[in-house]
Amino acid sequence: MHIHLPKPLHGWREFIGEVGIIVIGVLIALGAEQLIEAVHWREKVAETKEQLNGELHDDARSAYTWLAVHRCLEGQLDAAEAAVGNARETGEIPPLPAYTPPLALFTSDAWLDARSLQVADHIGPEAMRDYARLYFFPRELELNIVQLHQLAAELQPLTHGLHHVSSEEAGAYQRLIGKIRELQDRTAYAETLLLKRSPAPVRLSGAEMQEAVLAARSWAGACAGRVDLNWRPAPGD
C-alpha cells in the first residue's frame, strides 16, 4: 500500500499562494452569504410594506365608511339635543331615533409586528416615520369607536321617551350629548386626516368610495353621502 504524503511547500511564494486561495475562498463564501441575506431582507421589507399598506388601506376604507354617515350622526345628536332642551320646560322627552355610530374596525397589527421584528431596522428611518405618523390615527380611532358606542348606550333610554324629566336629568343628558359630540368630531377629523395623508398605495379608489356610500345609504338613508376631505370641526367644538 502506498501512502501519499502532502508535498512540502517550497518557499514563501508558494505558501502565500496557498493562503491566498484560502482567503479568497472565505471572502467568496462571506460575500455570497451577505448577498443572500441582503436579498432575504429586501424580500422581507417588500412583504412588510405590502402588509402595512394593506392594513392602512383597510383602515382608510373603515374611515370613509364611517364618515359617509357623519351627517346622519350629527342630525341624530341635533334631534336629541333639541328634545332634551325642551324637556327643561315640558318635563317630557318624546321617543327619539337611536344614536347609531358605525362599528368601524381599525387595526394596527401589521405595524406592531413590524416594530417588534428586525425588519423595522431595514425599512429605513424616513419610511418608518411616515408609517408612524399614519398609524397614529388608527390607534386613536380604535379607542374612539369603543368609547362612542359606550356613550351611545347611555343615550338609549331616549329611544323610548321619558316622562317627568327633572331639570337635573335634562342637564345630565345635555352634558352627555355634548361629550358625544366632541368625541364624534374628534373621530371624524382623525378619519379625515388619515384619508388626506394616505399615500398612493393606501388611498381608496373612486369605485371603493362609491361602494362605501351606497352601503351607508342602504341602512342610514339619504343623509349618507360622499365625504368632504376638507371638513374640520368648527372652532370651539
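Source: prediction; values computed, not measured.
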Quiz item: Would you say L141 and L105 are hydrophobically clustered, going by side-chain heavy atoms of ILVMFWY under 4.5 Å?
Solution: no
Quiz prompt | Under 3.5 Å side-chain donor-acceptor pair for S108 and R139 | solution = no
Practice problem: Using the rule that two of Ile, Leu, Val, Met, Phe, Trp, Tyr join whenever any of their side-chain heavy atoms come within less than 4.5 Å, decide whether M128 and L112 are in one cluster. | Solution: no
Quiz item: Can a donor-acceptor pair be found between the side chains of Y64 and D59 at a distance below 3.5 Å?
Solution: no
Quiz prompt | Flag side-chain contact, heavy atom, 4.5 Å: R226 against M209 | solution = yes
Quiz item: Side chains of V69 and W219: does their closest heavy-atom pair fall under 4.5 Å?
Solution: yes
Quiz item: Got a sec: does the CD of E50 have more than 12 other heavy atoms crowding it under 6.0 Å?
Solution: no
Quiz item: Would you call H70 and D185 a side-chain contact if the rule is heavy atoms closer than 4.5 Å?
Solution: yes
Quiz item: More than 12 non-hydrogen atoms from neighbouring residues, nucleotides or ligands closer than 6.0 Å to CD on E211, yes or no?
Solution: no
Exercise. State the CG-CG distance between L67 and L195, to the nearest 0.5 angstrom.
Key: 6.0 Å
Quiz item: Could you go step by step and tell me if E126 and Y131 meet the side chain to side chain donor-acceptor pair (under 3.5 Å) rule?
Solution: CA-CA 9 Å; E126 186 174 350; Y131 279 118; over 6 Å; no
Quiz item: So do T107 and D58 actually touch side chain to side chain, heavy atoms under 4.5 Å?
Solution: no
Quiz item: Going by distance alone, is a donor N or O of one side chain under 3.5 Å from an acceptor N or O of the other, for E55 and Y135?
Solution: yes
Exercise. Take Q184 and T187, measure what side-chain contact (heavy atoms from CB on, under 4.5 Å) needs, and give me the verdict at the end.
Key: CA-CA 5 Å; Q184 177 180 284; T187 298; 5.6 Å; no
Practice problem: Measure the CD-CG distance between E140 and L193 for me, rounded to the nearest 0.5 Å. | Solution: 9.5 Å
Practice problem: Please step through side-chain contact (heavy atoms from CB on, under 4.5 Å) for the pair F137 and R197, ending with a clear verdict. | Solution: CA-CA 10 Å; F137 300 113; R197 297 179 182 180; 3.7 Å; yes
Quiz item: What distance separates D109 CG from Q51 CD, expressed to the nearest 0.5 Å?
Solution: 11.0 Å
Quiz item: Atom CD in E191, atom CH2 in W66: separation rounded to 0.5 Å?
Solution: 5.5 Å
Quiz prompt | Exam field: side chain E154 to backbone L151, donor-acceptor pair closer than 3.5 Å | solution = no
Self-check item: Heavy-atom closest contact (I93 atom, A87 atom, distance)
Solution: CG1-CB, 3.5 Å
Quiz item: Side-chain contact, heavy-atom cut-off 4.5 Å: L183 with Q147?
Solution: yes
Quiz prompt | Side-chain donor or acceptor of H149 paired with backbone N/O of P101 under 3.5 Å | solution = yes
Quiz item: Yes or no on side-chain contact (heavy atoms from CB on, under 4.5 Å) for V84 and L158, after CA distance, side-chain angles and deciding distance?
Solution: CA-CA 9 Å; V84 171; L158 300 184; 4.2 Å; yes
Practice problem: Specify the closest pair of heavy atoms between P157 and A153, including all atoms of both residues, with the distance to one decimal. | Solution: CD-O, 4.0 Å
Quiz item: Going only through I, L, V, M, F, W and Y residues with side-chain contacts under 4.5 Å, is there a path from V146 to F136?
Solution: no
Exercise. Start with the C-alpha gap between E74 and R181, add the side-chain angles, then the distance that decides, and say whether salt bridge (Lys or Arg N to Asp or Glu O under 4.0 Å) holds.
Key: CA-CA 8 Å; E74 288 182 322; R181 195 182 293 278; 5.7 Å; no
Quiz item: Could you go step by step and tell me if I177 and I180 meet the side-chain contact (heavy atoms from CB on, under 4.5 Å) rule?
Solution: CA-CA 5 Å; I177 293 169; I180 292 174; 5.5 Å; no
Practice problem: Give, for atom CG of L52 and atom CG of D113, the distance between the pair rounded to the nearest 0.5 Å. | Solution: 9.0 Å
Exercise. List in chain and number order the residues that pass side chain to side chain contact (heavy atoms under 4.5 Å, CB included) with T65, two or more places apart in sequence or in another chain; answer none if no residue qualifies.
Key: R61, A212
Quiz item: Do R203 and H57 have side chains that get closer than 4.5 Å, going by heavy atoms?
Solution: no
Quiz item: Are L155 and L103 co-members of a hydrophobic cluster defined by side-chain heavy atoms under 4.5 Å apart?
Solution: yes
Quiz item: Is there a path from L194 to L143 through hydrophobic residues (I, L, V, M, F, W, Y) whose side chains come within less than 4.5 Å of each other?
Solution: no
Quiz item: Would you say the side chain of Y189 lies within less than 4.5 Å of the side chain of W231, judging by non-hydrogen atoms?
Solution: yes
Quiz item: How about T159 and L96: do any of their side-chain heavy atoms sit closer than 4.5 Å?
Solution: no
Quiz prompt | Rounded distance (nearest 0.5 Å) linking atom CZ of R71 with atom SG of C223 | solution = 8.0 Å
